[in-house]
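Bear in mind that the values here come from a model prediction, so they are computed numbers and not experimental data. Both backbone and side-chain heavy atoms feed into the values below; hydrogens, waters and symmetry mates do not.
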Amino acid sequence: MHPVWLLDLDNTLHDASPVVFPRINRAMTAFVAQRLGLTETQADALRHQYWQRYGATLLGLVRHHAIDAHEFLRAAHPFPDLPRLIRRDPRLAQALRRLPGRKFVVTNAPAAYARQVVKALGIAPFLDDVISIEAMHFAGRFQPKPSRPMLRRLAASLRVPSARCVLVEDSLENLRGAHRVGMRTVMITSVVARGGAQPRKARSGTDRRVGLRVQSVTLLPRRRPRSAHRAP
């Protein structure tokens, strides 16, 4: 049976580091500063603190400040000019067309932004769906990647065992979560790590929870990740 591919979006299907992520970070900081009455420096520090503690700034803002999640997501992704910021690589569409199995974008970004990026990349015809952070809300709260309950729920909603799923990511933490629920894992290594100049490949080292490392999604049709084994 063919695998079910769960493809991260930013820094996996395209390079968000030069322009997209800096703009998102500035927008998040401005929102936090305005809503919580903080200086820009204080807001930036709080944003980083919540990202490190919860894996997403959104979770800290909702939990500790009762911020409306949808309002924050809209404010954090101000991209009326998004199509001109996304570099379309024809090799990506060709690779997804050749990749056997169902393919889903699974992203902690909001749906409107994610679908804009997918459209700009020219890959919508080769995807089965886009699963955004809005779909990761259950049990009364948001549970984005690397939430293990969310990943299990996702596999169940796709009507496949976790072992059939392959998470393709630039984030080691998200891949570790997937490995723990029995999914196969692929790390994309070519994009420079967020917040620093050290490549992700070097940072991830030889972590056994990463089944395969490739520089780009365009190489996936020629490579296959090994089967996952749950960590104790």
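Between atom CG of residue Leu151 and atom CG of residue Leu6 there is a gap of 8.0 Å, rounded to the nearest 0.5 Å. The distance from the CG atom of Asn174 to the OG atom of Ser147 is 10.5 Å, given to the nearest 0.5 Å. Between atom CD of residue Gln215 and atom OG of residue Ser190 there is a gap of 6.0 Å, rounded to the nearest 0.5 Å. Distance check: Arg152 CZ to Gln143 CD gives 11.0 Å after rounding to the nearest 0.5 Å. Interatomic distance, CG of Asp8 versus CE of Met187, reported as 10.5 Å (0.5 Å rounding). To the nearest 0.5 Å, atoms CZ (Arg87) and CG (Leu92) are separated by 10.0 Å.
Ionic pairing of Arg115 and Asp129 is present here: one or more N-O contacts between side-chain nitrogen and carboxylate oxygen are shorter than 4.0 angstrom. A salt bridge links Arg23 and Asp81; the closest N-O separation between the charged side-chain nitrogens and carboxylate oxygens is under 4.0 Å. Between Glu173 and Arg176 there is a salt bridge, with a side-chain nitrogen of the basic residue lying less than 4.0 Å from a carboxylate oxygen of the acidic one.
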Candidate pair Arg153 and Phe138, rule side-chain contact (heavy atoms from CB on, under 4.5 Å), full reasoning: CA-CA 10 Å; Arg153 185 183 179 94; Phe138 58 98; 3.5 Å; yes

CA sep, side-chain torsions, deciding dist, call: Leu175, Arg209, side-chain contact (heavy atoms from CB on, under 4.5 Å): CA-CA 7 Å; Leu175 293 174; Arg209 288 162 289 194; over 6 Å; no

Chi angles and distances behind the side-chain contact (heavy atoms from CB on, under 4.5 Å) call for Val118, Val105: CA-CA 9 Å; Val118 164; Val105 164; 4.2 Å; yes

Residue pair Arg213, Thr189: steps toward the side chain to side chain donor-acceptor pair (under 3.5 Å) verdict: CA-CA 7 Å; Arg213 289 175 177 79; Thr189 63; over 6 Å; no

Stepwise side-chain contact (heavy atoms from CB on, under 4.5 Å) check, Phe79 with Arg84: CA-CA 10 Å; Phe79 288 103; Arg84 75 174 182 83; over 6 Å; no

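The side-chain heavy atoms of Leu59 and Thr57, taken from C-beta on, include no pair separated by under 4.5 Å. Looking only at side-chain heavy atoms (C-beta outward), Phe21 and Asn11 come within less than 4.5 Å of each other. Side-chain contact check for Val117 versus His14: some heavy-atom pair is nearer than 4.5 Å. In this structure the side chain of Met28 reaches within 4.5 angstrom of the side chain of Phe72, judged on heavy atoms. Taking 4.5 Å as the limit, some side-chain heavy atom of Val106 sits within range of a side-chain heavy atom of Met136. Leu38 has its side chain within reach of Val32: a pair of non-hydrogen atoms, C-beta onward, lies under 4.5 Å apart. Considering only heavy atoms from C-beta on, Val168 comes within 4.5 Å of Val217 through its side chain. With contacts defined as side-chain heavy-atom distances shorter than 4.5 Å, the pair Ile131/Leu154 qualifies.
Closest non-hydrogen pair, Ala109 versus Ser132, comes out as O-CB, 3.3 Å. When all heavy atoms are compared, the tightest approach of Gly211 to Thr185 is N-OG1, 2.9 Å. Among all heavy-atom pairs drawn from Gly122 and Pro125, the shortest one is O-CD, 4.1 Å. Pro78 approaches Ala75 most closely through the heavy-atom pair CD-O, 3.7 Å. When every heavy atom of Pro22 is checked against every heavy atom of Ala16, the shortest pair comes out as CD-O, 3.9 Å. When all heavy atoms are compared, the tightest approach of Ala69 to Val62 is CB-CG2, 4.1 Å.
The aromatic rings of Tyr113 and His77 lie tilted to each other, with the angle between the two planes from 30° to 60°. Between His48 and Trp51, the angle of the ring planes goes over 60°, which puts this pair in the perpendicular group of the 30/60° scheme.
By the 6.0 Å contact criterion, CZ on Arg148 is open, its count of non-hydrogen atoms from other residues, nucleotides or ligands being 12 or less. Atom CD of Glu40 sits in a sparse spot, with 12 or fewer heavy atoms from other residues, nucleotides or ligands closer than 6.0 Å.
With Trp5 as reference, Lys103 is the one residue of Arg184, Arg102, Lys103 to meet the side chain to side chain contact (heavy atoms under 4.5 Å, CB included) rule.
Looking only at distances, a side-chain donor or acceptor of Gln42 sits under 3.5 Å from a matching main-chain atom of Thr39. Although no hydrogens or angles enter the test, the distance criterion places a donor-acceptor pair under 3.5 Å between the side chain of Arg164 and the main chain of His2.
Listed by chain and number, the residues in a side chain to side chain contact (heavy atoms under 4.5 Å, CB included) with Ala114 are Leu9, Thr107, Val130 (sequence neighbours excluded). With sequence neighbours excluded, the residues that form a side chain to side chain contact (heavy atoms under 4.5 Å, CB included) with Ala95 are Thr218, Pro221.
Under the 6.0 Å cut-off for aromatic ring centres, His64 and Tyr54 qualify, their centroids lying closer than that.
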